[in-house]
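This report concerns only the one structure given below.
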Amino acid sequence: MTSKVGKIGKVVICGMKGIGKTAILEQLIYGSITPDSELYSTIEDTYVASVDTGRGPRDILRIYDTAGLQGNVGLPRQYLQFADAFVLVYDPSDAASLDMLAGIKNDIDKNKEKKEVSIVVIANIRRLNRTPNQSPEKQSPEKKTPDPIELILNRANSWCARERIKHYTVNALERASLYEPFVSLAVRLHPPQTKSTFPQLSKLTQKASKVDN
């Protein structure tokens with residue numbers, strides 16, 4: 001017996017070349033990524049994710065995996081115009097990959113016209129001995145020098161707060177860490193519909209008419 005399917009949202013995932021976009025999608029949907037997995041540079045690919053938001057029918061995210069950006073090359077215009085949401089990915093061990101997101105965000109704002117577009121930012125931590133959202137102090141209390149990754153994460157948190165964008169820290173090797181940003185995105189794209197109050201209003205009107213009579 002097939003389960004009911006909810007609405008479909010068009011999501012574009014983008015960022016600097018080599019920061020793990022494809023690994024995130026392959027792990028999220030298939031759970032197939034290991035430290036030995038070999039992935040090739042993406043030209044363009046499409047994934048379909050069935051997301052259980054706990055609200056009944058599963059929502060579908062059609063995710064467009066774009067080619068990694070380099071230099072001053074921006075996201076192709078067609079993605080900017082048709083997407084319902086964007087997932088911006090960076091590597092917190094590479095400050096340049098975070099800096100690139102500001103330019104992508106500006107392009108999205110310029111091209112979205114009056115359309116509401118959801119955006120989330122994902123930090124893909126690929127250090128094997130560190131789990132998402134774990135601070136340097138918890139890893140090694142005796143360590144006194146600032147962790148460069150933590151500094152970049154803090155800068156990303158500040159930028160996302162100013163832009164009012166959700167920021168998530170994940171590890172493409174840990175599938176469970178990938179669920180929250182995509183479930184949250186599906187909920188934002190397809191909020192539960194508010195039940196109309198018109199039937200109740202109609203009943204009240206009928207009662208009022210009877211009293212008047």
Side-chain angles (χ1 to χ4, degrees), residues 8-51 60-113 115 117-127 132 149 152-153 155-156 159-160 163 165-175 177-179 181-182 184-186 188-189:
I8 299 177
K10 299 183 290 294
V11 180
V12 171
I13 185 169
C14 52
M16 181 180 283
K17 182 178 180 180
I19 42 82
K21 298 184 283 61
T22 301
I24 287 172
L25 295 179
E26 288 283 334
Q27 188 75 296
L28 173 72
I29 297 172
Y30 305 114
S32 58
I33 299 299
T34 70
D36 299 323
S37 296
E38 185 175 354
L39 296 174
Y40 300 95
S41 297
T42 301
I43 297 176
E44 180 180 301
D45 209 345
T46 304
Y47 294 79
V48 177
S50 175
V51 183
I60 301 299
L61 296 182
R62 190 179 301 277
I63 307 174
Y64 298 84
D65 187 13
T66 63
L69 303 178
Q70 291 181 295
N72 295 322
V73 178
L75 194 64
R77 188 177 180 84
Q78 68 266 24
Y79 293 121
L80 295 168
Q81 294 179 326
F82 76 76
D84 300 312
F86 292 86
V87 177
L88 311 185
V89 184
Y90 73 99
D91 180 349
S93 67
D94 185 350
S97 69
L98 173 61
D99 295 337
M100 177 176 281
L101 300 191
I104 297 175
K105 172 66 165 52
N106 288 336
D107 285 342
I108 294 171
D109 289 341
K110 290 177 183 177
N111 288 274
K112 69 180 182 180
E113 298 178 348
K115 181 180 178 181
V117 176
S118 296
I119 301 174
V120 299
V121 170
I122 290 180
N124 181 27
I125 294 181
R126 295 184 287 179
R127 187 186 297 178
I149 288 181
I152 294 175
L153 287 172
R155 186 154 64 86
W159 177 66
C160 288
E163 297 290 334
I165 300 173
K166 286 282 188 179
H167 179 257
Y168 300 91
T169 303
V170 307
N171 185 330
L173 292 173
E174 299 174 6
R175 193 179 190 188
S177 73
L178 306 175
Y179 296 150
F182 288 91
S184 173
L185 191 59
R188 290 169 62 186
L189 285 177

Donor-acceptor under 3.5 Å (Thr66 side chain, Ile13 main chain) = yes
Under 3.5 Å, side chain of Arg62 to main-chain N/O of Lys10, donor-acceptor pair present?
no
All pairs passing salt bridge (charged side-chain N to carboxylate O under 4.0 Å, His left out) where residues 14-24 contributes a residue, at least two apart: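 Every salt bridge (charged side-chain N to carboxylate O under 4.0 Å, His left out) pair that includes a residue of residues 14-24, provided the two are not neighbours, is Lys21-Asp65.
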Out of curiosity, [X] [atom1] to [Y] [atom2], how far, rounded to the nearest 0.5 Å?
X: Glu163; Y: Lys105; atom1: CD; atom2: NZ; answer: 4.0 Å
X: Leu173; Y: Ser37; atom1: CG; atom2: OG; answer: 8.0 Å
X: Ile152; Y: Tyr90; atom1: CD1; atom2: OH; answer: 8.0 Å
X: Gln27; Y: Asn171; atom1: CD; atom2: CG; answer: 9.0 Å
X: Thr169; Y: Ile149; atom1: OG1; atom2: CD1; answer: 10.5 Å
X: Tyr79; Y: Cys14; atom1: OH; atom2: SG; answer: 10.0 Å

Q: Look at the rings of Phe82 and Tyr64 and say which category their plane angle falls in: under 30° parallel, 30 to 60° tilted, over 60° perpendicular.
A: perpendicular
Test log, rule side-chain contact (heavy atoms from CB on, under 4.5 Å), inputs Asn124 and Ile24:
CA-CA 8 Å; Asn124 181 27; Ile24 287 172; 4.1 Å; yes
Sorted by chain and number, sequence neighbours left out, side chain to side chain contact (heavy atoms under 4.5 Å, CB included) with Gln81 holds for Arg77
Distance alone, cut at 3.5 Å: any donor-acceptor contact between the side chains of Tyr168 and Ser177? no
Arg155: which residues meet the salt bridge (Lys or Arg N to Asp or Glu O under 4.0 Å) condition with it, sequence neighbours left out?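 Scan of Arg155 (salt bridge (Lys or Arg N to Asp or Glu O under 4.0 Å), adjacent residues dropped) gives Asp99.
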**Q.** Check against side-chain hydrogen bond (donor to acceptor under 3.5 Å, both in side chains), Asp91 and Ser93
**A.** CA-CA 5 Å; Asp91 180 349; Ser93 67; 2.8 Å; yes
